[in-house]
Amino acid sequence: MIALLGLVLGVVAGLFLEPTVPTWMQPYLPIAVVAALDAVFGGLRALLDGIFDDRVFVVSFVANVLVAALIVYLGDQLGVGAQLSTGVVVVLGIRIFSNAASIRRHLFSA
Amino acid sequence: MLLLTSLVEDSLDDGYARAAARRAAGEPPSRYGPVLLLAGLVAVGLLLATAAVQTRERADTVAEARDALTAEIEDRSAANDRVERQLDRERARAARERRQQLRATDEGATVERRLTRLETVTGAGAVSGPGFVLRLDDAPADPSGADVDPRTDQSDEGRVSDRDLQTLVNEVWASGAEAVAINGQRLTALSAIRSAGEAVLVDFRPLSPPYEVTAVGPDDMRATFVDGFGGSYLAVLRDYGIDYAVTDEDELLLPASAGVTVRYAVSPRRLPQDPDESSDSEQNRESTP
């Protein structure tokens, strides 16, 4: 309940406040979104597995976003930013998919 | 493979399992848990919404910028066309007035005659006369779909290229043409036939097919051209599906070249001899053994 409230609150705040993202941060926004989604799906799966933990969720979210952004930043500095972004998206995408599959098995037992 | 397998199988953070183990061992849950969770999810929601807003805004600005650029390109090319037309008018007026002024004196009349002759030869003035028209068109799109560029529906092989036109125009000159124009663009000694992307440019102006090479020259020019290398080149082009037609014309009007400008070459301060005289004397020298 708190979780849903927090999510809705965040979305509403984002839509109404329309915070301006500094230009230097803009390339990392899509990666941060994918990393956040990974954390959310991981948390959802843990919830259904019955092992959800608030602290782990928040830490994994923050760490995911930071590490993903760091990898892309490093890639940008090395001149392979696009490739590393693809790498991050692929890895996180696979994780999201397998977590989503696990969630699906829990919800529909199929 | 190992990496991929572990990626798929250990998709859940180890932290959850460890936290569950700690809880099972009797460790009390964190007091700030719910607050932390709320803050984390607010952050997630904020991130998602911001990204959504950002993406939409960026798409809008990109579209706006593109529209603005397109409009500017259209405006500028319209302005260019206007200025060009004005330039043509002014040039014609200047030529007319120069002619009038020169005709006023005997010396001027001689200069004017020479000027007209030079303009005719160099392409700086319009000419008319008998000659032929060579029409070339790109091959129609191949219905079988082979070798067709899916974006343009055109086969690369069947397109008239700048090199085709260069070769053909060279052959037209070699066949005795005195003035040549492509699609109304008069060719001079400084003209360039080039390509940019898929378009053929003459003097940096894009042409659109079908191409019309008009040439003024002697009566046997057409026969020389068709029987020579030009004709065989055209036959090769026909193998690629490029259609052509050569028609004789009694009276062709070739326009003046848009700009015959030399930037570095100047006429020498002291002419060695009058060009007409020198050519005469050369002929004389050749004829006298």
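Throughout, protein chains are lettered first and strands after them, A, B, ... in sequence-line order, and every chain is numbered starting at 1.
Of the residues considered (A:I94, A:N99, A:V33), A:N99 shows the highest number of contacts with chain B, using heavy-atom pairs under 4.5 Å. For the options A:V91, A:I51, A:D49, heavy-atom pairs under 4.5 Å to chain B are most numerous at A:I51.
For a residue to count as touching a neighbouring chain, one of its non-hydrogen atoms must lie under 4.5 Å from one of that chain's; by this rule B:A43 touches chain A with backbone and side chain alike. In this structure, chain A has heavy atoms under 4.5 Å from both the backbone and the side chain of B:V44. Within the 4.5 angstrom heavy-atom criterion, atoms from both the backbone and the side chain of A:L15 approach chain B. Using a 4.5 Å cut-off between heavy atoms, A:V40 touches chain B through its side chain atoms alone. Both the backbone and the side chain of A:V11 come within contact range of chain B, with heavy atoms under 4.5 Å apart.
Annotation for B:L38 and A:G6: closest pair CD1-CA, 3.5 Å, computed over non-hydrogen atoms. A pairwise comparison of heavy atoms in A:G14 and B:A49 identifies CA-CB, 3.7 Å as the closest pair. In terms of heavy-atom proximity, B:G40 sits nearest to A:F61 at O-CE2, 4.0 Å.
The side-chain contact (heavy atoms from CB on, under 4.5 Å) check on A:F97 picks up nothing, with sequence neighbours excluded. By the side chain to side chain donor-acceptor pair (under 3.5 Å) test, B:R89 is found to be paired with no residue, residues two or more places apart in sequence or in another chain being considered. By the side-chain contact (heavy atoms from CB on, under 4.5 Å) test, B:D162 pairs with B:Q166, B:I193, B:S195, B:V200, sequence neighbours left out.
Contact check for A:F52 versus B:L37: side-chain heavy atoms found under the 4.5 Å cut-off. Annotation: side chain of B:R23 is in contact with side chain of A:D53 (closest heavy-atom distance under 4.5 Å).
In this structure, B:Y233 places its OH atom where more than 12 heavy-atom neighbours from other residues, nucleotides or ligands lie under 6.0 Å away. More than 12 heavy atoms of other residues, nucleotides or ligands sit less than 6.0 Å from atom CZ of B:R238. Remark: B:R18 CZ is loosely packed, at most 12 non-hydrogen atoms of other residues, nucleotides or ligands lying under 6.0 Å away.
Of the inter-residue distances, the one linking A:L29 atom CG with B:L47 atom CG reads 6.0 Å to the nearest 0.5 angstrom.
Annotation: residues 55-67 of chain B contacts chain A through B:E57, B:R58 [non-hydrogen atoms, separation under 4.5 Å].
Tested against A:L9 for a side chain to side chain contact (heavy atoms under 4.5 Å, CB included), the candidates B:V42, B:L46, B:L41 yield a single pass: B:V42.
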